[in-house]
There are 2 protein chains.
Amino acid sequence: MMAEDKMKLENQICFSLYATTREMTKLYRPLLADLDITYPQYLVLLALWDSSPLSVKELGGRLYLDSGTLTPMLKRMEKVGLIERYRSREDERKVLIGLTKEGRDAEQKAACIPDLLLENIDMNEEQILQLQHTLQRMLEGAREKGEGL
Amino acid sequence: MMAEDKMKLENQICFSLYATTREMTKLYRPLLADLDITYPQYLVLLALWDSSPLSVKELGGRLYLDSGTLTPMLKRMEKVGLIERYRSREDERKVLIGLTKEGRDAEQKAACIPDLLLENIDMNEEQILQLQHTLQRMLEGAREKGEGL
DNA sequence: CGCCAATAAATTGTGTACTATTTAATTGTG
DNA sequence: CACAATTAAATAGTACACAATTTATTGGCG
């Protein structure tokens, strides 16, 4: 690639990531409107449906988010009754996040979302798996490089 | 893939996008610290270095952002002297965004950023181009599907 | 036991994103 | 020409995201 092209917006791999992520997130919005949650909140529920309760720390480890982002988001989710927050007995520093009945019930309502979303992507399973693999490699690489910052 | 796996966080293609985008953005931070700008502000400058002035609308078209996001960001960039904002003479509805001398000079300082960033990615050119192509197809698809929302 | 470094959340402050609404300028049509 | 529909930005309000700091708890270790 020629030198000047490296400064073109459309050749920036990270701009493609940035723009695509936001556009894909918009596709989730109508699917999540039913549950009255945002996309990051949906990710929190996915993590909790897989395993709960989780401490804020553990949740942050899975979502790559810190308490500065999670604490206010979790308080909002608690207020609408999807989750509950309580201190761990064994270690009072930890705040555990558990699902309420409403939060557990939401899993059934959300079960169709992955398929509905895939309908909006004009890619076959092989292409998606390939993309997934590339992104995960990139993610791990970025986390290694970014460690000491 | 089995049905229950579709609800696993780590199998969500959009979660990979979301997490990777944020981690890659973090890699830019030290590179942009010199210029004292954020990653979205860097994208604005890339667009303007390619072509300026641009109206808020045109800029939004390139970055996939609307005035609700751009207006406050551009005002911050104006305040630190990177850009200037002024109404178009031909169409007073349009606010044109131009580069100041400082904004133009920043291009030289930023010229090394694409290469420095690529050093942090353990992928060859072919893999990057392939990823770029996949993401652009996904982006266009998402924009079509999301049009009427 | 007492103290101190380490850990977990919460808090503070700044900067995006996005929806919905408002304001102002322009265009198209009768 | 009048005037409604359209267009461009700005504004208002909510919700992330993240760096930096603060507060509370815990686990050593002398």
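Since the model is a prediction, treat every value here as computed from it, not as a measurement.
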Discussion item. Do B/H133 and B/L129 have side chains that approach each other closer than 4.5 Å (heavy atoms only, starting at C-beta)?
Written reply: no
Fill in: Given D/dA8, D/dT25, C/dA10, the nucleotide with the shortest approach to the side chain of A/E92
D/dT25
Item to complete: Calculate, to the nearest 0.5 Å, the distance between atoms NZ and CD belonging to B/K109 and B/E102 respectively.
Response: 6.5 Å
Fill in: Spacing of A/R29 atom CZ relative to D/dC16 atom P, expressed in whole Å
11 Å
Fill in: A/L65 CG to C/dA10 P, straight-line distance once rounded to whole Å
14 Å
Worksheet item: How do B/R89 and A/V56 order along DNA chain C: which one's closest nucleotide is nearer the 5' end?
Response: A/V56
Worksheet entry | Nearest listed nucleotide, side chain of B/R22, among D/dC18, C/dA17, D/dA15 | D/dC18
Discussion item. If you count every heavy atom of other residues, nucleotides or ligands that lies below 6.0 Å from B/D36 atom CG, does the total exceed 12?
Written reply: no
Fill in: Parallel, tilted or perpendicular, as decided by the 30° and 60° cut-offs, for the rings of B/Y42 and B/W49
perpendicular
Discussion item. How about CG on A/D105, more than 12 heavy atoms from neighbouring residues, nucleotides or ligands closer than 6.0 Å, or not?
Written reply: yes
Item to complete: Mind calculating the distance between OH (B/Y39) and P (D/dA19) to the nearest angstrom?
Response: 16 Å
Worksheet item: If you check the A/T69 side chain, which of D/dA9, C/dC18, D/dA17 turns out closest?
Response: D/dA17
Response to the item:
Mate of C/dG30 across any strand shown (Watson-Crick or G-U wobble, both atom pairs under 3.5 Å) is D/dC1
Worksheet item: Between A/I13 and B/I121, which heavy-atom pair has the shortest distance, and what is it?
Response: CG2-CD1, 4.4 Å
Discussion item. So B/T38, base contact, sugar-phosphate only, or nothing? Heavy-atom distance under 4.0 Å.
Written reply: sugar-phosphate
Worksheet item: Angle class for the B/Y39/A/Y18 ring planes (parallel below 30°, perpendicular above 60°, tilted otherwise)?
Response: perpendicular
Worksheet item: Can you check the A/I37 CD1 to D/dC16 C1' distance for me, whole Å?
Response: 14 Å
Discussion item. Rounding to an integer number of Å, can you tell me how far A/L54 CG sits from C/dA8 P?
Written reply: 14 Å
Discussion item. Let me spell it out: for each of B/R93 and B/G68, pick the nucleotide of DNA chain D with the closest heavy atom. Which residue's pick is nearer the 5' end?
Written reply: B/R93
Practice prompt. May I have the distance from A/K26 (atom NZ) to D/dC16 (atom P), rounded to whole angstrom?
Written response: 17 Å
Fill in: Nucleotide of D/dA17, C/dA9, C/dA17 approaching A/Y18 most closely (side-chain heavy atoms)
C/dA17
Discussion item. So, OP1 or OP2 of C/dA9: does either fall under 4.0 Å of a side-chain N or O from A/S55?
Written reply: yes
Worksheet item: So what does A/E58 touch, heavy atoms closer than 4.0 Å: a base, only the sugar-phosphate, or nothing?
Response: nothing
Worksheet item: Mapping A/K57 and B/Y64 to their closest nucleotides on DNA chain C, which lands nearer the 5' end?
Response: A/K57
Fill in: Flag side-chain contact, heavy atom, 4.5 Å: B/K6 against B/N11
no
Worksheet item: In whole Å, what is the span from the CG atom of A/D66 to the C1' atom of C/dT7?
Response: 15 Å
Practice prompt. Please figure out whether A/S88 or B/D91 has its closest DNA chain D nucleotide nearer the 5' end.
Written response: B/D91
Worksheet, complete the sentence: Atom CG of B/L63 and atom P of C/dC18 are separated, to the nearest Å, by 11 Å
Item to complete: Pull out every residue in residues 70-86 of chain A that has a heavy atom closer than 4.0 Å to any atom of DNA chain D, ordered by number, or say none.
Response: A/M73, A/R76
